[in-house]
**Student:** 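To start, I am sharing the structure in question, which I have written as structure tokens.
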Amino acid sequence: MSMASQLHLMATISIFLFILTFSSGSFAQYPPSPGYFPGSKIPSLSFDQGFRSLWGPQHQTVDQGSLIIWLDQYSGSGFKSLHPYRSGYFAAAVKLQPGYTAGVITCFYLSNNEDHPGNHDEIDIEFLGTTPDKPYTLQTNVYMKGSGDGNITGREIKFHLWFDPTQDYHDYAILWNPSEIIFFVDDVPIRRYPRKSDVTFPLRPMWVYGSIWDASSWATENGKYKADYSYQPFVGRYRNFKLGGCMADGPESCRPPSTSPSPSGGLSHQQVSAMEWVQSNYLVYDYCQDPKRDHTLTPEC
């Protein structure tokens, strides 16, 4: 092979490797540092220290410190905290399944649905399954007291992520205190939901849950793609649980962890900048901006 041919071949290989590297996400943008990491202030718990199986016990196991739950054609699985809380910082490191996961929901959330069926409060982190050619969607949601007939208004804000959540564990957290709810990914705030009135803010004690289940009717592109059990089992992995909160029956003097370095609470300027960056680059749906929604039901918009 001539020198010119060798140089041409090397150039072709270099271009191919560059394209491959770029498409794999190595050049993905990452958010600026929030400067403060509330999760680092709270000790991690094992599953047994903070939770118990709620349903589908035959579809969950603990292996080397990680809780593994899975969905197949017979059942999904869920777990629940040992205690209810009235505020706090609640987190878990989660690793999602790659490949075809359409119709499948893997989630970590707060709820009092068992205490107030049809009239409950809920704060959700939900991973909406997908097809192999598209990224996972992280859906955040807040519910307040249903109408009593099960008709509860969701307040969904959805994001894509700046990393592949199937490759490693990442920390996902909910900070809920009497004045605001903040959602975090790796301690980067992605959404803040302030208490503008008692009507639009959850105030009753809630338990901490996690589960994996079939939501084919709506989870992936509004139900376009369903769960395909030829790809079963669908697996969710959880570890490094954090329950830094005030229990419902705890002393009134209990205060939830701070979200920022400021003694007065609230996000710092650096945290707000990181959150705004995420929302500018990775937010894919905001219920307040949806013209199809009845915004008389969501006055906070």
Side-chain angles (χ1 to χ4, degrees), residues 78 90-92 94 96 101-113 116 118-131 134-147 149-162 165 170 172-176 180-185 188-197 199-204 206 208-227 236 275-301:
F90 310 100
V94 182
L96 302 174
T101 56
V104 178
I105 297 286
T106 309
C107 54
F108 184 76
Y109 63 103
L110 310 180
S111 179
N112 50 33
N113 184 49
H116 307 284
N119 186 32
H120 75 287
D121 310 298
E122 192 166 308
I123 306 172
D124 296 333
I125 290 176
E126 298 174 302
F127 301 97
L128 310 185
T130 188
T131 53
K134 296 178 181 177
Y136 268 92
T137 298
L138 186 156
Q139 174 170 281
T140 64
N141 206 351
V142 180
Y143 291 108
M144 275 70 62
K145 299 178 181 180
S147 59
D149 59 4
N151 293 324
I152 299 175
T153 301
R155 291 163 165 82
E156 303 91 345
I157 294 184
K158 303 178 185 181
F159 301 85
H160 288 157
L161 296 165
W162 49 94
H170 289 268
Y172 305 92
I174 296 166
L175 187 288
W176 169 46
E180 62 188 358
I181 297 164
I182 301 174
F183 297 86
F184 294 88
V185 175
V188 175
I190 63 169
R191 176 185 181 183
R192 177 177 178 267
Y193 183 88
R195 178 178 175 178
K196 294 185 177 180
S197 75
V199 176
T200 61
F201 197 84
L203 297 169
R204 298 177 294 181
M206 290 189 274
V208 187
Y209 295 86
S211 62
I212 188 168
W213 53 289
D214 186 332
S216 289
S217 64
W218 63 271
T220 307
E221 299 186 34
N222 295 318
K224 179 180 179 181
Y225 298 99
K226 314 293 186 184
M275 181 174 67
E276 290 176 344
W277 185 93
V278 172
Q279 293 178 353
S280 295
N281 289 278
Y282 289 95
L283 190 149
V284 295
Y285 175 83
D286 182 343
Y287 73 104
C288 283
Q289 306 301 321
D290 187 345
K292 298 178 182 178
R293 296 288 294 264
D294 179 358
H295 292 296
T296 63
L297 301 176
T298 54
E300 71 281 358
C301 289

**Student:** Using a 4.5 Å cut-off on heavy atoms from C-beta on, say whether the side chain of Met144 contacts that of Glu122.
**Tutor:**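 No, every pair of side-chain atoms sits at 4.5 Å or beyond.
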
**Student:** Can you check whether Gly236's main-chain N or O pairs, donor with acceptor, with Thr106's side chain at less than 3.5 Å?
**Tutor:**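 Such a contact is absent between Thr106 side chain and Gly236 backbone.
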
**Student:** Contact between Tyr209 and Cys107 at the side-chain level, heavy atoms closer than 4.5 Å - yes or no?
**Tutor:**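 No, every pair of side-chain atoms sits at 4.5 Å or beyond.
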
**Student:** I want to know whether Tyr172 and Phe127 have ring centres closer than 6.0 Å.
**Tutor:**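 Tyr172 vs Phe127: aromatic centres under 6.0 Å.
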
**Student:** Any chance you could measure Asp124, atom CG, to Phe108, atom CZ, to the nearest 0.5 Å?
**Tutor:**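 Answer rounded to 0.5 Å: 11.5 Å.
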
**Student:** Among Ile125, Ile123, Val142, find the one that has a side chain to side chain contact (heavy atoms under 4.5 Å, CB included) with Leu110.
**Tutor:**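 Running side chain to side chain contact (heavy atoms under 4.5 Å, CB included) over Ile125, Ile123, Val142 with Leu110 returns exactly one hit, Ile123.
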
**Student:** For a side chain to side chain contact (heavy atoms under 4.5 Å, CB included) check, start with the C-alpha distance between Leu161 and Val185, then their side-chain angles and the critical distance, and finish with the verdict.
**Tutor:** CA-CA 9 Å; Leu161 296 165; Val185 175; 4.3 Å; yes

**Student:** Check whether any side-chain N or O of Arg191 sits under 3.5 Å from a backbone N or O of Thr140 as a donor-acceptor pair, and report yes or no.
**Tutor:**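 Yes.
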
**Student:** Quick one: CG on Leu138 to OH on Tyr282, what's the gap to the nearest 0.5 Å?
**Tutor:**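 Leu138 CG to Tyr282 OH: 13.5 Å, rounded to 0.5 Å.
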
**Student:** Can you see whether Asn113 engages Ser111 through a side-chain donor-acceptor pair at a distance of less than 3.5 angstrom?
**Tutor:**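 No - no donor-acceptor pair under 3.5 Å links their side chains.
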
**Student:** Would you say the side-chain atoms of Lys226 pair up with the backbone N or O of Gly103, donor to acceptor, closer than 3.5 Å?
**Tutor:**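 The answer is no, because no donor-acceptor pair under 3.5 Å joins these two groups.
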
**Student:** Treating Thr220 as the side-chain partner and Gly129 as the backbone partner, does any N or O pair qualify as donor plus acceptor under 3.5 Å?
**Tutor:**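 Yes; at least one donor-acceptor contact below 3.5 Å.
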
**Student:** Just by distance, do the side chain of Gln279 and the backbone of Ile190 share a donor-acceptor pair under 3.5 Å?
**Tutor:**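 Present.
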
**Student:** In Å, rounded to the nearest 0.5 Å, how long is the span from OG of Ser211 to CD1 of Ile105?
**Tutor:**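 Going from the OG atom of Ser211 to the CD1 atom of Ile105 covers 9.0 Å.
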
**Student:** Give the C-alpha distance, both sets of side-chain angles, the deciding distance and a yes or no for side chain to side chain contact (heavy atoms under 4.5 Å, CB included) between Glu156 and Arg293.
**Tutor:** CA-CA 11 Å; Glu156 303 91 345; Arg293 296 288 294 264; 2.9 Å; yes

**Student:** Verify side chain to side chain contact (heavy atoms under 4.5 Å, CB included) between Leu175 and Ile181, making sure each step is shown before the conclusion.
**Tutor:** CA-CA 5 Å; Leu175 187 288; Ile181 297 164; over 6 Å; no

**Student:** Decide yes or no on side chain to side chain contact (heavy atoms under 4.5 Å, CB included) for Tyr136 and Leu128, but give the supporting numbers first.
**Tutor:** CA-CA 6 Å; Tyr136 268 92; Leu128 310 185; 5.9 Å; no

**Student:** Shortest non-hydrogen contact from Arg155 to Leu297?
**Tutor:**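 Heavy atoms only, the tightest pair is NH2-O, 3.3 Å.
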
**Student:** Do Arg192 and Glu180 sit within salt-bridge range, that is, some charged N less than 4.0 Å from a carboxylate O?
**Tutor:**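 Salt bridge: yes.
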
**Student:** Quick one: do the Tyr287 and Thr153 side chains pair a donor with an acceptor below 3.5 Å?
**Tutor:**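 There is no such pair between these side chains.
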
**Student:** Charged N to carboxylate O under 4.0 angstrom, Glu300 versus Arg195?
**Tutor:**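 Answer for the salt bridge query: no.
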
**Student:** Nearest 0.5 angstrom please: Glu276 CD to Asn281 CG, how far?
**Tutor:**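 With rounding to 0.5 Å, CD (Glu276) is 11.5 Å from CG (Asn281).
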
**Student:** Please check this pair: side chain of His295 against backbone of Asp290, looking for a donor-acceptor N/O pair closer than 3.5 Å.
**Tutor:**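 Confirmed, His295 side chain pairs with Asp290 backbone.
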
**Student:** Using a 6.0 Å cut-off, check whether atom CG of Asn222 has over 12 heavy atoms from anything other than its own residue.
**Tutor:**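 No, the 6.0 Å shell around CG holds no more than 12 heavy atoms from other groups.
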
**Student:** Can a donor-acceptor pair be found, under 3.5 Å and without considering hydrogens, that links the side chain of Ser216 to the backbone of Ala227?
**Tutor:**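 Side chain of Ser216 to backbone of Ala227, a donor-acceptor pair under 3.5 Å: yes, one is there.
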
**Student:** Quick check for you: to the nearest 0.5 Å, what is the distance between Tyr143 atom OH and Tyr109 atom OH?
**Tutor:**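 Tyr143 OH to Tyr109 OH: 11.0 Å, rounded to 0.5 Å.
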
**Student:** How long is the span from the CZ atom in Phe201 to the CZ atom in Arg204, to the nearest 0.5 Å?
**Tutor:**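 Taking CZ in Phe201 and CZ in Arg204, the distance rounds to 13.5 Å.
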
**Student:** May I ask you to decide if the ring planes of Trp162 and Trp277 are parallel, tilted or perpendicular, using 30° and 60° as cut-offs?
**Tutor:**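 Answer is perpendicular, since the angle exceeds 60°.
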
**Student:** Under 3.5 Å, is there a donor-acceptor pair between the side chain of Asn112 and the main chain of Asp121?
**Tutor:**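 Yes; at least one donor-acceptor contact below 3.5 Å.
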
**Student:** Got Thr200 and Pro299 here, is their nearest side-chain heavy-atom distance under 4.5 Å?
**Tutor:**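 In short, these two side chains touch, coming nearer than 4.5 Å.
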
